[in-house]
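Worth knowing before you read on, the calculation uses all heavy atoms, side chains too, and leaves out hydrogens, waters and symmetry mates.
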Amino acid sequence: MEVIPDMTALIDGNTDIAMCSRDLKGEEKLKLKRKGIRCSVVKSIKVVALVIIVHKDNKVDQLTRESRLKKIFTGEIKTGKE
């Protein structure tokens with residue numbers, strides 16, 4: 001599988017093209033500017049998908065974004081028993 005370089009590789013001068021799954025941070029923009037690297041094309045696609053897969057033997061029958069999923073991803077729920 002080919003890996004697309006990230007912003008660190010671009011800032012370090014190891015690639016001429018990179019991708020980022022978010023908008024550039026101010027610090028990243030400054031580092032690029034200091035190194036004389038001009039981002040001539042910045043294309044925001046903004047497509048994000050999240051798929052939750054639960055093992056078939058898991059007794060969970062409903063995961064709501066507002067309650068359980070939020071608690072899982074914020075660390076409030078830490079174990080499968082919770």
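- To the nearest 0.5 Å, atom NZ of residue Lys31 and atom NZ of residue Lys35 are 8.5 Å apart.
- Distance CD/Glu28 to CG/Leu30: 10.5 Å, rounded to 0.5 Å.
- Every residue was checked against the side chain to side chain donor-acceptor pair (under 3.5 Å) condition with Glu76, not counting sequence neighbours, and none meets it.
- Evaluation of the side-chain contact (heavy atoms from CB on, under 4.5 Å) rule for Leu32 yields Met7, Leu10, Ile11, Leu24, Ile37, Cys39 as partners, not counting sequence neighbours.
- Considering only residues two or more places apart in sequence or on other chains, Asn14 meets the side-chain contact (heavy atoms from CB on, under 4.5 Å) condition with Ala9, Asp12.
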